[in-house]
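Each ligand, and each atom within it, is numbered from 1 in the order the structure gives.
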Amino acid sequence: MSKQFDVVVIGGGPGGYIAAIRAAQLGFQVACIDEWKNAAGGPAPGGTCTNVGCIPSKALLQSSEHFDHANHHFAEHGISATGVKMDVAKMIARKDNVVKQNNDGILYLFKKNKVTFFHGRGSFAGKAEGGYTINVAGKTEEAITAKQVIIATGSNARALPGTPFDEVNVLSNDGALRLGAVPKKLALIGSGVIGLEMGSVWRRLGADVTILEGLPTFLGAVDEQIAKEAKKAFDKQGLKIELGVKVGEIVNGKKGVTVNYTNAKGEAVVLDADKLIISIGRVANTIGLNPEAIGLQLDERGAIVVDGDCKTNVPGVWAVGDVVRGPMLAHKAEEEGVAVAERIAGQHGHVNFNTIPWVIYTSPEIAWVGRTEQQLKADGVAYKAGTFPFLANGRARALGDTTGMVKFLADATTDEILGVHMVGPQVSELISEAVVAMEFRASAEDIARICHAHPSLSEATKEAALAVDKRTLNF
Ligand code: FAD
Ligand code: NAI
């Protein structure tokens, strides 16, 4: 007889493993199936985020930032560092170790919470009495049954038609995170989140980086004022970003890659590079899941169709994270995973899509929550704006990093915070205050009246909130 579970989660990324843990906490018999393999063929739960996404990219951003500081910023502190070298193999090995610690951490959490882990590919076999049968193909094959199924199979990098990833010269996020040496010339297609983060890593290590972006605007989803400030900083660093290009033929040759494109002026350009990273978005992944076996509905882009509660068209089958609509972010996947586990338990799980923060971990970092100024204009909302530059913040001066600003957007009548946008040092951490404030529907004045530690970067948040009412104290 097949093993029976109350809840089976397919996919062990941030959406899946968190859903499994929450469901187990709520008293269900839970299994989680994940097929990711480490270099030795063993289990590596954590999905894209842990293995080839959030975690390894932040490890390389940290290493490359240290290198950049040693080369360019130590001197101003009176520290002389000559002959600074980067051992790329060691940097990658450190990153791999960080990844492994996270994989092991998830396996430990499964044990702690009594989640049964299956290493292999899960696919629907069909309906079973009171639920569904799922085949698990790993080292061995077995079938398990579940009353409720949560699908969290994530996403894969989108390829350019006619240019498959070989992960040698033409790289997805996977290859971009394990280059063996710093390429002399690196080309990237797509100046979105991955393009900017990966471009920053390899530029800091000495690569000549060109990013080709199809759209005429830089970071269209980001508040225009913030995007403009970030672009200024990237230009100064020597990150070459060409907007409004049309990518043509790409030749993957023995010595490297040639990208033919038309620039914004309509001129034909030939770009030779040692490596090419393609970062033009991601596609929902249902490969091998066999959704047809239960009549699961997918949309025209291959994403699983769900309602606002992550219910699919099949009773008792839910889907969360990158495989469904909404932003492809680890914390969004986690929130949906928790909410679904709670709904299965009859509770009222809730995800507030208006307060999901975004962070781009470049230098300066970019972070935001809520609506941008351009969105508020388009929505016809009357608003007040307040900004405060890090240039006027004592802690930023002491850190030696005064790029950027904090910007508040508040309702013109009620003063409720509608959006907070930041570019500057450590704003990935500062944005949490804005998320909490918006979650509690705070006004700009609420933040302005709260005592913030001095000297701290968070004082820029308070000052930007004061600026909404035109009463900054330090600018
Ligand atoms: P995934 O993490 O993709 O996990 C899906 C898992 O399911 C995988 O382990 C996969 O092997 C497994 N699977 C798929 N099909 C099956 C099957 N049939 N049977 C068994 N297992 C299966 N987001 C952030 O919030 N912050 C960041 O800093 C950030 N950085 C990123 C950097 C990069 C380079 C990339 C590519 C992404 C980054 N993201 C970041 C996005 C983030 O990684 C995703 O939003 C997140 O991983 C989605 O989680 P998920 O659980 O939906 O899917
Ligand atoms: P993205 O959607 O952020 O950016 C893709 C960019 O490629 C866009 O600017 C788009 O206009 C451009 N583009 C698309 N087709 C093109 C073409 N043919 N030619 C030229 N440009 C083209 O996608 P990206 O960077 O691949 O990242 C995927 C997702 O992963 C992100 O949207 C995000 O959800 C997640 N992610 C999150 C991170 C974070 O939270 N810090 C870090 C990295 C990824």
Side-chain angles (χ1 to χ4, degrees), residues 9-19 32-37 43-58 60-61 103 106 118-124 134-138 151-158 160-161 163 172-174 176-177 188-199 211-221 242-248 259 261 277-291 319-324 326-334 336-337 356-362 365-367 428:
V9 183
I10 307 178
Y17 91 79
I18 289 291
C32 181
I33 311 166
D34 188 80
E35 65 176 340
W36 208 292
K37 289 186 183 131
T48 301
C49 168
T50 302
N51 293 292
V52 291
C54 324
I55 302 298
S57 59
K58 268 77 250 179
L60 297 191
L61 280 157
N103 298 141
I106 295 166
F118 290 90
H119 188 212
R121 172 169 284 185
S123 58
F124 284 105
I134 296 153
N135 286 332
V136 186
I151 304 167
T153 47
S155 64
N156 292 316
R158 182 192 302 282
L160 265 179
T163 309
S172 69
N173 54 297
D174 183 6
L177 288 161
L188 295 97
I189 300 178
S191 75
V193 199
I194 295 180
L196 292 172
E197 290 188 357
M198 288 297 98
I211 309 182
L212 304 176
E213 168 58 45
L215 292 176
T217 40
F218 178 61
L219 287 179
E242 277 212 47
L243 302 174
V245 311
K246 193 166 180 341
V247 174
V259 183
Y261 68 94
I277 298 173
I278 297 180
S279 47
I280 56 168
R282 297 180 62 80
V283 282
N285 169 41
T286 53
I287 298 167
L289 185 66
N290 198 22
V320 301
D322 281 12
V323 77
V324 305
M328 288 188 172
L329 294 172
H331 41 284
K332 175 263 191 185
E334 291 184 14
E336 286 183 335
I356 295 176
W358 275 84
V359 176
I360 307 178
Y361 295 80
T362 43
E365 292 183 338
I366 304 164
S428 54

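Contact annotation for Ile10 and ligand 1: only side-chain heavy atoms (C-beta onward) come within less than 4.0 Å of the ligand. Contacts between Val359 and ligand 1 below 4.0 angstrom, taking non-hydrogen atoms only, are absent altogether. Residue-level proximity to ligand 1 for Lys332 is absent, since no heavy atom of it falls below 4.0 angstrom. With a 4.0 Å cut-off on non-hydrogen atoms, Ser123 does not touch ligand 1 at all. Of the heavy atoms in Cys54, both backbone and side-chain atoms come closer than 4.0 Å to ligand 1. Contact annotation for Ser57 and ligand 1: only side-chain heavy atoms (C-beta onward) come within less than 4.0 Å of the ligand.
Counting the atoms of ligand 2 from 1 in the order shown, those under 4.0 Å from a heavy atom of Leu215 are 11 (O). Every atom of ligand 2 is numbered from 1 in the order shown, and the set under 4.0 Å from a heavy atom of Ile189 is 19 (N), 20 (C). In the vicinity of Tyr361, heavy-atom distances shorter than 4.0 Å reach the ligand 2 atoms 41 (N). Using a 4.0 Å cut-off to heavy atoms of Met328, the atoms of ligand 2 that qualify are 33 (C), 34 (O), 35 (C). Residue-ligand proximity, Leu329 to ligand 2, at heavy-atom distances under 4.0 Å covers atoms 40 (O).
For atom 13 (N) of ligand 2, the closest non-hydrogen atom on the protein side is Ile280 CG2, 3.8 Å. Of the protein's non-hydrogen atoms, Arg282 CD, 3.8 Å is the one closest to atom 30 (O) of ligand 2. The protein heavy-atom contact nearest to atom 9 (O) of ligand 2 is Glu213 OE1, 2.7 Å. Among all non-hydrogen protein atoms, the one lying nearest atom 25 (O) of ligand 2 is Ile194 N, 2.9 Å. For atom 26 (O) of ligand 2, the nearest protein heavy atom (residue, atom name, distance) is Gly281 N, 2.8 Å. Here the protein heavy atom with the shortest distance to atom 39 (C) of ligand 2 is Val359 O, 3.4 Å. The nearest heavy-atom contact from the protein to atom 52 (O) of ligand 1 is Asp322 N, 2.9 Å. Ranking the protein heavy atoms by distance from atom 5 (C) of ligand 2 puts Ser279 O, 3.5 Å first. Taking atom 21 (N) of ligand 2 as the reference point, the nearest protein heavy-atom neighbour is Gly214 N, 3.0 Å.
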**Request:** Evaluate side chain to side chain contact (heavy atoms under 4.5 Å, CB included) for Asn103 paired with Asn51, printing each intermediate quantity in order.
**Result:** CA-CA 8 Å; Asn103 298 141; Asn51 293 292; 3.3 Å; yes

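For Leu160, the heavy-atom gap to ligand 2 drops under 4.0 angstrom. Look at Pro327 and you'll find every heavy atom at least 4.0 Å from all atoms of ligand 2.
Considering each of Gly12, Cys32, Gly15, the one bringing a non-hydrogen atom nearest atom 50 (P) of ligand 1 is Gly15. Relative to atom 15 (N) of ligand 1, the option among Ile33, Thr286, Thr153 with the closest non-hydrogen atom is Thr153. In this structure, of Val283, Thr217, Val193, the residue bringing a heavy atom nearest to atom 38 (C) of ligand 2 is Val193.
A search for salt bridge (charged side-chain N to carboxylate O under 4.0 Å, His left out) contacts involving Lys37 returns nothing, not counting sequence neighbours.
Between Trp358 and ligand 2, no pair of N/O atoms sits closer than 3.5 Å.
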